[in-house]
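Written below as structure tokens is the structure these notes are about.
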Protein chains: 2
Amino acid sequence: MKNKSDIPDCIINCGVEYAFKRIGGKYKARILWHLGMKNVLRYGELSRTLPDITTKMLTQTLRDLEEDKLIVRKMYHEVPPKVEYSLSDTGKELIPFIEHLHLWGKKQLETESLVK
Amino acid sequence: MKNKSDIPDCIINCGVEYAFKRIGGKYKARILWHLGMKNVLRYGELSRTLPDITTKMLTQTLRDLEEDKLIVRKMYHEVPPKVEYSLSDTGKELIPFIEHLHLWGKKQLETESLVK
DNA sequence: TATCTTACATACCAAAAAGTATGTATTATT
DNA sequence: AATAATACATACTTTTTGGTATGTAAGATA
């Protein structure tokens, strides 16, 4: 997107689509949520927190989130490598709403369990 | 999912993932948002509201949302067929949060436009 | 009779997202 | 010398999601 005129009307009129482009996918919102819970997490900690993620996807998703300015990556020049991830200010804006989603999701799970 | 014990710990502890399974994908949240705006929409109206969607995906997405009890489908026994879609009570619970997402997305678009 | 309307079905294809397996760099530790 | 630690890279494969093209039913309309 070079400028606003390149943006189709439905994007201008539908921030939902755009927002989902930024935080959609299997892992992004979960990573943001965990960073919201813990403030700072290292690569290995994230890996252990999301046991179903592969290193390929963890790396790729963190890179996407960093490029989208939702998280900040801080590298310490050490061996072995030490890298910390935390939410950016923009990323923090999403937390109340990911929290809401989390609560809704949990409630739905409980409802499903009761019904079944 | 037969019962709660079948649910992996990370699901219990991460409603975000579950919620995204329910409303993730290219079209679901947008359909919910438009139904939130208009209350009731017919198949053709939804198709025109989301010009980039194919009939295959519109049908499939509406079916998924109905099976997940986020929307309600009302069929009038007429020819040509007339079918109306609206939000269920559960679906309505998501609207404040999709609205929030929409506003955040629009703001991000504006920010991007100004930066560029 | 031919065409239109609406809401789909469906088989096959394409693109995107995610996964697998193997590998690297460099200091620290055993 | 061998192994460990951490955070990745990368080529190829598989899975998932979405798209294309063609088609249907039945009453209404021209």
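Order of the sequence lines sets the chain letters (A, B, ...), proteins ahead of strands, with each chain counted from 1.
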Spacing of [X] atom [atom1] and [Y] atom [atom2] [to the nearest 0.5 Å]:
X: A:Ile31; Y: A:Thr49; atom1: CD1; atom2: OG1; answer: 10.0 Å
X: A:Asp64; Y: A:Ile23; atom1: CG; atom2: CD1; answer: 13.5 Å
X: B:Arg73; Y: B:Glu67; atom1: CZ; atom2: CD; answer: 11.5 Å
X: A:Ile98; Y: A:Lys28; atom1: CD1; atom2: NZ; answer: 11.5 Å

Starting at [atom1] of [X] and ending at [atom2] of [N], how long is that distance when rounded to a whole Å?
X: A:Glu84; N: D:dC8; atom1: CD; atom2: P; answer: 12 Å
X: A:Asp52; N: C:dG19; atom1: CG; atom2: C1'; answer: 12 Å
X: A:Arg48; N: D:dT6; atom1: CZ; atom2: C1'; answer: 10 Å
X: B:Ile53; N: D:dG18; atom1: CD1; atom2: P; answer: 9 Å
X: A:Glu45; N: D:dA5; atom1: CD; atom2: C1'; answer: 14 Å

Just N and O in the side chain of A:Arg42: are any of them under 4.0 Å from OP1 or OP2 of D:dA7?
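For A:Arg42, the contact criterion (side-chain N or O under 4.0 Å from OP1 or OP2 of D:dA7) is met.
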Below 4.0 angstrom from OP1 or OP2 of C:dT5, is there any side-chain N or O of B:Tyr43?
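Looking at the OP1 and OP2 atoms of C:dT5, neither is under 4.0 Å from any side-chain N or O of B:Tyr43.
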Derivation and outcome, salt bridge (charged side-chain N to carboxylate O under 4.0 Å, His left out), residues A:Glu45 and A:Lys38
CA-CA 10 Å; A:Glu45 291 172 320; A:Lys38 293 291 179 57; over 6 Å; no
So which nucleotide from C:dC8, D:dC8, D:dG19 ends up closest to the side chain of A:Val83?
D:dC8
Among the candidates C:dT10, C:dC8, D:dA9, find the nucleotide nearest to the side-chain atoms of B:Tyr85.
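Selected nucleotide: C:dC8.
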Determine the contact category for B:Lys26: base if any of its heavy atoms lies under 4.0 Å from a base atom, sugar-phosphate if only primed atoms, P, OP1 or OP2 are that close, otherwise nothing.
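B:Lys26: backbone/sugar contact only, no base atoms under 4.0 Å.
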List the steps and the verdict of side chain to side chain contact (heavy atoms under 4.5 Å, CB included) for B:Phe97 and A:Leu103.
CA-CA 12 Å; B:Phe97 141 80; A:Leu103 295 174; over 6 Å; no
Please work out which residues in residues 57-82 of chain A have a non-hydrogen atom less than 4.0 Å from an atom of DNA chain C and list them by number.
A:Met57, A:Val79
Taking the six-membered ring for Trp, are the ring centroids of A:Phe20 and B:Tyr27 within less than 6.0 Å of each other?
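Centroid distance A:Phe20-B:Tyr27: not below 6.0 Å, so no.
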Is the number of heavy atoms from other residues, nucleotides or ligands under 6.0 Å of A:Lys82 NZ greater than 12?
yes
Can you classify the ring geometry of A:Tyr85 versus A:Tyr43 as parallel (below 30°), tilted (30 to 60°) or perpendicular (above 60°)?
tilted
Computed from five pairs at either end and rounded to 10 degrees, the angle between the axes of the helix from C:dT1-D:dA30 to C:dT30-D:dA1 is 20°
